[in-house]
Protein chains: 2
Amino acid sequence: MPSARMAGYPLAMAARDLQERIKKLIVDQRLPSGAPLPTEPELMRLLGASRNSVREALKALQAMGIVEIRHGFGTYVGSMSFAPLIEGLAFRTVAGHYRGEDSLLQLLELREAVETGLVSRLAGRLPEADLGALEALVARMEREAAEGTGLAESDRAFHATLYRGLDNVLLGEVLEAFWDAFHRVQQDLVEVAQDPRTTCRQHREILDAVRSGDSLRAERAIRDHFGHLRTRLTPVAAAKG
Amino acid sequence: MPSARMAGYPLAMAARDLQERIKKLIVDQRLPSGAPLPTEPELMRLLGASRNSVREALKALQAMGIVEIRHGFGTYVGSMSFAPLIEGLAFRTVAGHYRGEDSLLQLLELREAVETGLVSRLAGRLPEADLGALEALVARMEREAAEGTGLAESDRAFHATLYRGLDNVLLGEVLEAFWDAFHRVQQDLVEVAQDPRTTCRQHREILDAVRSGDSLRAERAIRDHFGHLRTRLTPVAAAKG
DNA sequence: AAGAGTCAGCTGCTCTAACCAACTGAGCTA
DNA sequence: TAGCTCAGTTGGTTAGAGCAGCTGACTCTT
């Protein structure tokens with residue numbers, strides 16, 4: 001005989017329900033990121049389900065970034081980052097690519113569409129501190145370009161810093177997620193042979209344009225940057241498709 | 001004694017690995033959305049893991065939209081939609097809201113930031129077919145406003161149709177995901193008492209602006225629309241926080 | 001007394017084995 | 001032939017046992 005099931009709950013549909021009830025637990029108790037959740041045995045009692053069902057629910061929540069599981073330590077409320085979005089977006093793009101779709105190009109265009117729209121609003125409105133940080137990043141990129149080391153991390157930081165000026169954490173995270181997904185897939189799928197010096201020049205132009213306050217020039221700078229990436233991408237993607 | 005583990009794999013880390021290997025299976029075999037995956041017993045043999053571990057991996061993949069599980073039927077490659085993104089975004093917003101953050105406002109601003117940037121590029125470039133569809137949608141909204149029925153679905157369709165003109169499926173899906181997340185959270189958290197006639201007027205203005213080809217006017221129309229939503233939102237959100 | 005090693009106990013992780021529940025399709029019944 | 005029933009397949013759930021990582025208190029050494 002299975003178990004003395006708690007009255008009031010239907011016999012099936014445990015799994016989907018469990019997830020909801022765990023989420024409700026977090027919301028109802030106002031648990032902040034990093035707060036400890038009940039242990040697996042406790043959740044079993046609390047939710048009236050078996051260990052397996054509880055674990056499956058937790059695994060799903062973990063995949064959504066809602067919960068963080070640390071072996072031998074405990075389960076915690078997750079950081080609610082967009083790591084799952086990156087994961088999903090990257091997989092979707094890779095799978096599409098191998099099926100002959102231009103999914104990588106679409107991902108790049110998504111970034112371009114969003115960033116061109118945002119950068120024009122930034123032109124002339126960035127605080128001096130941010131401009132300085134961007135300046136330092138471009139300088140770092142130029143140093144890295146001369147040394148021949150990769151400048152991916154600097155590129156990521158540049159874009160992140162740029163849109164920090166919009167003063168919306170959520171937006172910043174989403175853009176970073178797009179960058180991460182694109183970067184990961186690009187590394188997995190194609191060998192990009194970009195000239196680092198060109199990349200530096202383009203970033204400096206973006207910075208100068210934003211500093212000058214010329215919206216149209218800023219937009220054009222971003223579009224040039226992405227356009228360059230796109231031309232580097234298309235033939236390789238087509239050849240691999 | 002547990003099991004004769006397959007040689008070549010470390011003793012631990014099965015779970016994270018299993019997900020990767022199932023994803024690899026999909027990619028390597030070029031499985032399109034909807035294609036059937038091996039059954040659970042087959043996956044057990046194939047991956048050399050127990051039923052539980054296989055199921056936990058599948059649950060995680062399901063949460064990411066990579067896999068679709070149908071009880072009594074089979075497991076299939078998922079539609080790779082952004083349903084998980086909606087889930088995660090909605091939960092993040094709800095949780096933040098109950099902790100006193102203005103997360104709902106941030107979500108709205110995210111939509112505003114992206115859409116204002118995009119709509120200016122659309123102005124004057126929308127094919128007549130899309131303009132006609134938008135016209136029909138606004139007409140439907142006006143009818144719904146008069147009848148007093150909800151016009152949420154029309155609003156969703158309007159925004160979706162609008163950005164279809166950008167010719168990027170991915171972008172369209174992301175925007176729809178943002179809309180869905182916002183709509184769901186809004187319904188859960190606050191009672192909005194919007195005047196449907198105002199909403200209609202604003203959508204008609206957006207349409208007219210886009211048709212006229214005046215980028216600035218289109219941008220202003222979108223900003224007005226979101227600004228109106230924002231003013232309806234702020235006091236309630238603050239009161240509930 | 002202070003430091004380092006050990007071990008008991010928590011935690012989550014994996015496995016096995018059995019049974020429940022949803023769906024399909026072949027075969028029986030009317 | 002039309003409809004029903006039932007067996008077989010698939011995923012869903014439970015149970016109990018043992019494995020693996022982390023912590024902190026205890027003990028042994030210095």
Side-chain angles (χ1 to χ4, degrees), chain A residues 1-22 25-26 31 34-78, chain B residues 1-22 25-26 31 34-78:
Chain A
M1 195 181 299
S3 77
R5 193 182 287 272
M6 299 189 96
Y9 286 108
L11 268 69
M13 300 299 295
R16 189 39 66 120
D17 236 42
L18 283 184
Q19 294 182 31
E20 291 306 317
R21 283 160 70 193
I22 295 175
L25 193 78
I26 296 175
L31 297 179
L37 252 55
T39 66
E40 288 180 359
E42 282 173 330
L43 282 174
M44 286 172 63
R45 278 191 307 106
L46 216 59
L47 307 174
S50 79
R51 186 100 186 268
N52 266 331
S53 301
V54 168
R55 282 184 54 75
E56 284 180 9
L58 286 176
K59 280 285 181 182
L61 292 176
Q62 181 187 37
M64 292 190 283
I66 292 175
V67 141
E68 188 179 331
I69 305 177
R70 277 186 273 175
H71 187 173
F73 201 65
T75 306
Y76 300 83
V77 177
Chain B
M1 192 181 301
S3 79
R5 195 181 285 272
M6 298 192 98
Y9 287 108
L11 266 68
M13 302 299 297
R16 187 42 63 123
D17 236 42
L18 282 185
Q19 293 182 32
E20 291 306 318
R21 284 159 70 194
I22 295 175
L25 192 78
I26 297 175
L31 297 178
L37 252 54
T39 66
E40 289 181 358
E42 282 173 331
L43 281 175
M44 287 171 63
R45 280 190 307 104
L46 218 57
L47 306 174
S50 79
R51 180 118 183 260
N52 265 332
S53 301
V54 168
R55 281 182 55 76
E56 285 181 11
L58 286 176
K59 280 285 181 180
L61 292 175
Q62 181 186 36
M64 294 189 283
I66 292 175
V67 142
E68 188 179 332
I69 304 177
R70 279 188 271 175
H71 187 173
F73 201 63
T75 306
Y76 299 82
V77 178

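Letters A, B, ... are given to chains in the order of the sequence lines, protein chains preceding strands, and every chain is numbered from 1.
Taking side-chain N and O atoms only, A/Thr75 has a distance below 4.0 Å to OP1 or OP2 of C/dG12.
Note: OH (B/Tyr76) to P (D/dT9) measures 15 Å, nearest angstrom. Separating the CE atom of B/Met44 from the C1' atom of C/dT14 is a distance of 12 Å, rounded to the nearest angstrom. For B/Arg55 and C/dT14, the CZ to C1' distance is 15 Å, given to the nearest whole Å.
The side chain of B/Ser53 lies closest to C/dC15 when the candidates are C/dC15, C/dG12, D/dG12. Picking from D/dA15, D/dG12, C/dC13 the nucleotide with the shortest atom distance to the side chain of A/Glu40 gives C/dC13. Looking at the side chain of B/Arg51, the nearest of the listed nucleotides C/dG12, C/dA18, D/dA15 is C/dA18. Comparing C/dC15, C/dG12, C/dC23 against the side chain of A/His71 picks out C/dG12 as the nearest. Distances were taken from every side-chain heavy atom of B/Phe73 (C-beta onward) to each of D/dG12, D/dA15, C/dT24; the shortest belongs to C/dT24.
Listed by first then second residue, pairs satisfying ring pair (Phe, Tyr, Trp, His ring centres under 6.0 Å) with a partner in residues 36-75 of chain A read A/Phe73-A/Tyr76, not counting sequence neighbours.
The line from CG of A/Leu58 to NZ of B/Lys59 is 12.0 Å long, rounded to the nearest 0.5 Å. Rounded to the nearest 0.5 angstrom, A/Leu46 CG and A/Leu25 CG are separated by 6.0 Å. To the nearest 0.5 Å, atoms CG (A/Leu61) and OG1 (A/Thr75) are separated by 10.5 Å. Going from atom CG of A/Leu18 over to atom CE of A/Met44 covers 11.5 Å, rounded to the nearest 0.5 Å.
Residues passing the salt bridge (Lys or Arg N to Asp or Glu O under 4.0 Å) test with A/Glu40, sequence neighbours excluded: A/Arg51, A/Arg55.
Residues from residues 59-70 of chain B lying near DNA chain D, meaning a heavy-atom separation below 4.0 Å, are B/Ile69, B/Arg70 in numerical order.
Taking only distance into account, the side chain of A/Asn52 never meets the base of D/dT13 through a donor-acceptor pair shorter than 3.5 Å.
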